[in-house]
Amino acid sequence: MSEHSHESFPMTWLDRAYEAYARSSHVVSAQQLQRLSPVGQRPQLGRYIAQLWQRRHFIWADARAKALGSQRGTLLGNAWLIVKPMLDSLVFFIIFGLLLQTSRGIENFIGYLIIGVTLFPPLQRAITGGAQVIQNGRNMIRGFSFPRAVLPISYTLRSAIDSLPPLVAVLLLVMALPPHALPTWHWGLIAPIFLLQFTFGLGLTFFTARITALLPDMRNIWPFLTQFWFYGSGVFFSYERFINHPTMLAFMDVNPGYLILTMYRNCILYSNVPDARSWVMLFAWAFGTFALGFVFFWAKEVDYGLER
């Protein structure tokens with residue numbers, strides 16, 4: 001081939017891009033260097049929070065995609081999110097309300113029981129389900145670089161979405177079943193209690209996610225601890241039954257599970273505003289557990305992808 005014919009061969013876009021790349025000066029600025037961090041090292045807390053904020057849309061999309069999906073493949077589908085808590089309430093009513101007579105002295109025991117049996121399990125799942133988030137996200141951890149706190153946050157958002165249908169069912173049932181708790185403006189306080197409950201739950205998930213990732217045997221221990229918490233949180237009995245039992249009173253006084261249920265019941269069943277002490281305690285439990293849990297989880301950020 002002649003020299004003339006070679007020069008007349010048209011330059012492709014790839015050739016032009018390569019020439020432009022070769023002519024360009026690839027100088028990294030000092031600011032760009034400062035933003036780099038060594039691979040495999042935990043970022044500083046402020047930068048870690050900024051990385052989470054940058055991924056907020058992914059967190060929300062992941063939570064929505066997985067929410068309301070626990071009953072896929074069943075005939076009733078998401079109706080089980082409502083039916084199952086109601087069946088649980090029926091079982092507890094027969095055993096504890098009729099046979100063991102724990103309903104004595106409790107106004108609107110049916111509503112009292114429905115609220116306890118339906119709205120306490122999200123706290124249990126924050127521990128038992130949260131303990132699995134690192135294991136369940138292992139492939140994602142190995143394949144992508146991202147703040148690992150994405151996983152507990154996404155799980156908690158998903159759990160909150162899953163809890164909305166049962167909450168609506170609770171409100172409908174307490175209106176329909178005697179003695180008929182009718183809506184009042186106090187029901188508007190359900191929203192802040194719900195948000196504080198899941199803020200507290202996120203803190204629990206941070207704690208259990210780190211502990212279980214480093215000590216996998218704990219996944220067999222958490223269900224026993226949460227069952228004890230369930231039976232000790234006034235799900236089907238009243239605080240007043242133990243007014244002469246100092247140890248039980250002390251436990252109830254600091255038990256966030258019992259506090260959350262009591263605040264729900266005051267708003268929904270009895271049209272009472274929870275007192276200031278209850279709000280202060282719930283704020284302290286929610287944001288204290290969240291802050292400590294977040295730092296506790298972040299401290300072992302680089303260990304979550306290791307084989308165990």
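Remember, predicted model here, so these are calculated numbers, not experimental data.
When atom types are taken as modelled, the side chain of Trp187 and the backbone of Leu171 share no donor-acceptor pair closer than 3.5 angstrom. Gln51 places no side-chain N or O within donor-acceptor distance of the main-chain N or O of Pro147, the cut-off being under 3.5 Å. Tyr258 places no side-chain N or O within 3.5 Å of a backbone atom of Val235 that could act as its donor or acceptor partner. Between the side chain of Arg142 and the backbone N or O of Asn139 there is no donor-acceptor pair closer than 3.5 Å.
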Query - Intermediate values then yes/no, side chain to side chain contact (heavy atoms under 4.5 Å, CB included), Tyr112 and Leu261 - result: CA-CA 9 Å; Tyr112 187 98; Leu261 293 183; over 6 Å; no
Query raised in the report: Going through the checks in order, is the side chain to side chain contact (heavy atoms under 4.5 Å, CB included) test met by Phe58 and Arg56?
Result: CA-CA 5 Å; Phe58 168 78; Arg56 64 192 182 277; over 6 Å; no
Query raised in the report: Could you walk me through whether Phe294 and Ile49 pass the side chain to side chain contact (heavy atoms under 4.5 Å, CB included) check?
Result: CA-CA 10 Å; Phe294 181 76; Ile49 295 172; 3.9 Å; yes
Requested in this report: Would you check, one step at a time, whether the test side chain to side chain contact (heavy atoms under 4.5 Å, CB included) holds for Val170 with Ile115?
Outcome: CA-CA 7 Å; Val170 166; Ile115 289 174; 3.8 Å; yes
Show the atom names and distances, to 0.1 Å, of all donor-acceptor pairs under 3.5 Å that link a side chain in residues 152-161 to residues at least two apart or in another chain.
from	atom 1	to	atom 2	distance (Å)
Ser154	OG	Asp62	OD2	2.5
Tyr155	OH	Arg125	O	3.0
Thr156	OG1	Pro152	O	2.9

Which atom pairs, one a donor and one an acceptor, fall under 3.5 Å between side chains of residues 209-221 and the rest of the protein, sequence neighbours left out?
from	atom 1	to	atom 2	distance (Å)
Arg210	NH1	Phe296	O	2.7
Thr212	OG1	Thr208	O	2.7
Thr212	OG1	Trp222	NE1	2.8

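Cluster annotation: Trp60 is connected to Phe144 through the hydrophobic network of ILVMFWY side chains, with a link wherever side-chain heavy atoms come within less than 4.5 Å. Leu269 and Leu182 are not part of a single hydrophobic cluster, where members link through side-chain heavy atoms under 4.5 Å apart. Placement of Trp185 and Tyr270 within a single hydrophobic cluster is found when ILVMFWY residues are connected by side-chain heavy-atom separations under 4.5 Å, directly or transitively. Leu195 and Leu164 fall into different hydrophobic clusters, defined by Ile, Leu, Val, Met, Phe, Trp and Tyr side-chain heavy atoms under 4.5 Å apart, directly or through other members.
Taking CZ from Phe290 and OG1 from Thr199, the interatomic distance works out to 7.5 Å, rounded to the nearest 0.5 Å. Between atom CD1 of residue Ile134 and atom NZ of residue Lys300 there is a gap of 13.5 Å, rounded to the nearest 0.5 Å. Atoms CZ and CG, from Phe297 and Leu292 in turn, are 15.5 Å apart once rounded to the nearest 0.5 Å. Glu107 CD to Arg265 CZ: the interatomic distance, rounded to the nearest 0.5 Å, is 13.0 Å. A distance of 5.5 Å separates CG in Leu177 from CD1 in Ile114, rounded to the nearest 0.5 Å. Atom CG of residue Leu173 and atom CD1 of residue Ile268 lie 11.5 Å apart, to the nearest 0.5 angstrom.
Between Ile127 and Leu123, the closest side-chain pair of non-hydrogen atoms is not below 4.5 Å. Pro274 is listed as a side-chain neighbour of Leu189, based on a closest heavy-atom distance under 4.5 Å. Looking at Ile193 and Cys267, their side chains come closer than 4.5 Å, going by heavy atoms from C-beta outward. In this structure, Trp279 and Leu196 have side chains that are in contact, with non-hydrogen atoms separated by less than 4.5 Å. Between Pro192 and Phe283, every side-chain heavy-atom pair lies at or beyond the 4.5 Å cut-off. Side-chain contact check for Val295 versus Phe206: every heavy-atom pair is 4.5 Å or farther apart.
In this structure, Thr205 and Gly130 approach most closely via the heavy-atom pair CG2-CA, 3.5 Å. Between His186 and Val273, the shortest heavy-atom contact is CD2-CG2, 3.6 Å. Residue Thr226 comes nearest to Gln124 through the heavy atom pair O-NE2, 3.2 Å, listed as atom of the first residue, atom of the second, then distance. Among all heavy-atom pairs drawn from Gly111 and Val174, the shortest one is CA-CG1, 4.0 Å. Scanning both residues, Ala176 and His180, for their nearest heavy atoms gives O-CE1, 3.0 Å. Closest of all the heavy-atom pairs between Met140 and Leu151 is SD-CD2, 4.2 Å.
Between Trp285 and Phe200, the two ring planes are perpendicular [angle over 60°; tilted spans 30° to 60°]. Ring-plane geometry between Phe198 and Phe194 is classed as tilted, the angle between the planes lying from 30 to 60 degrees on a 0 to 90 degree scale. Under the 30°/60° scheme for interplanar angles, the aromatic rings of Phe230 and Phe120 are found to stand perpendicular.
Shown here is His57, whose NE2 atom has no more than 12 heavy atoms of other residues, nucleotides or ligands within 6.0 Å. Around CD of Gln44, the count of heavy atoms belonging to other residues, nucleotides or ligands within 6.0 Å does not exceed 12.
In this view, Asp275 and Ser278 satisfy the side-chain hydrogen bond (donor to acceptor under 3.5 Å, both in side chains) rule, not counting sequence neighbours.
Tyr48 and Glu301 share a donor-acceptor pair across their side chains, judged by distance under 3.5 Å alone.
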